[in-house]
*Asks:* 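Got a structure for you, written out below as structure tokens; questions coming shortly.
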Amino acid sequence: MYNCKDSINLLLEFLEGNMSPEEAQHLKEHLRGCSPCVDFLRTYKATSGLCKKALAAKMPKEVSEKLTEYLRNKIKSTS
Ligand SMILES: [Zn+2]
């Protein structure tokens, strides 16, 4: 049986997408019986969502202008 520390390490690997199915199974079993780890996962997901939003807000002006231009052309060509 995995303890919380093991599970959190696994969790981070899982979120980065490099976990074996066997490890994922161990993790699921731990999460079923451990609400602190479930809370951690929820918090982690919420936090990384916020980071993505912050990154999008910081998109360089050049990039957002190119994107706008691209979308404008796309709209033109379809109408
Ligand atoms: Zn735990």
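Side chains are part of it too, since the values below use all heavy atoms of this structure and drop only hydrogens, waters and symmetry mates. Atoms within each ligand, like the ligands themselves, are counted from 1 in listed order.
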*Asks:* If every non-hydrogen atom of L31 is compared with every non-hydrogen atom of V38, which pair is closest and at what distance?
*Replies:*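 Closest pair (atom of L31, atom of V38, distance): O-CG2, 3.3 Å.
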*Asks:* CG/D6 to CD/E23 distance, rounded to the nearest 0.5 angstrom?
*Replies:*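 Reported to 0.5 Å precision, the distance equals 10.5 Å.
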*Asks:* Listed by chain and number, what are the salt bridge (Lys or Arg N to Asp or Glu O under 4.0 Å) partners of R42, not counting sequence neighbours?
*Replies:*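 Once residues adjacent in sequence are excluded, the partners of R42 under the salt bridge (Lys or Arg N to Asp or Glu O under 4.0 Å) criterion are D39.
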*Asks:* What are the protein N, O or S atoms, given as residue plus atom name, that sit under 2.8 Å from the Zn ion (ligand 1)?
*Replies:*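 Near the Zn ion (ligand 1), below 2.8 Å, one finds C4 SG, H30 NE2, C34 SG, C37 SG.
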*Asks:* Could you list the residues that satisfy side chain to side chain contact (heavy atoms under 4.5 Å, CB included) with C4, not counting sequence neighbours?
*Replies:*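 In terms of side chain to side chain contact (heavy atoms under 4.5 Å, CB included), with neighbours along the sequence ignored, C4 is linked to H30, C34, C37.
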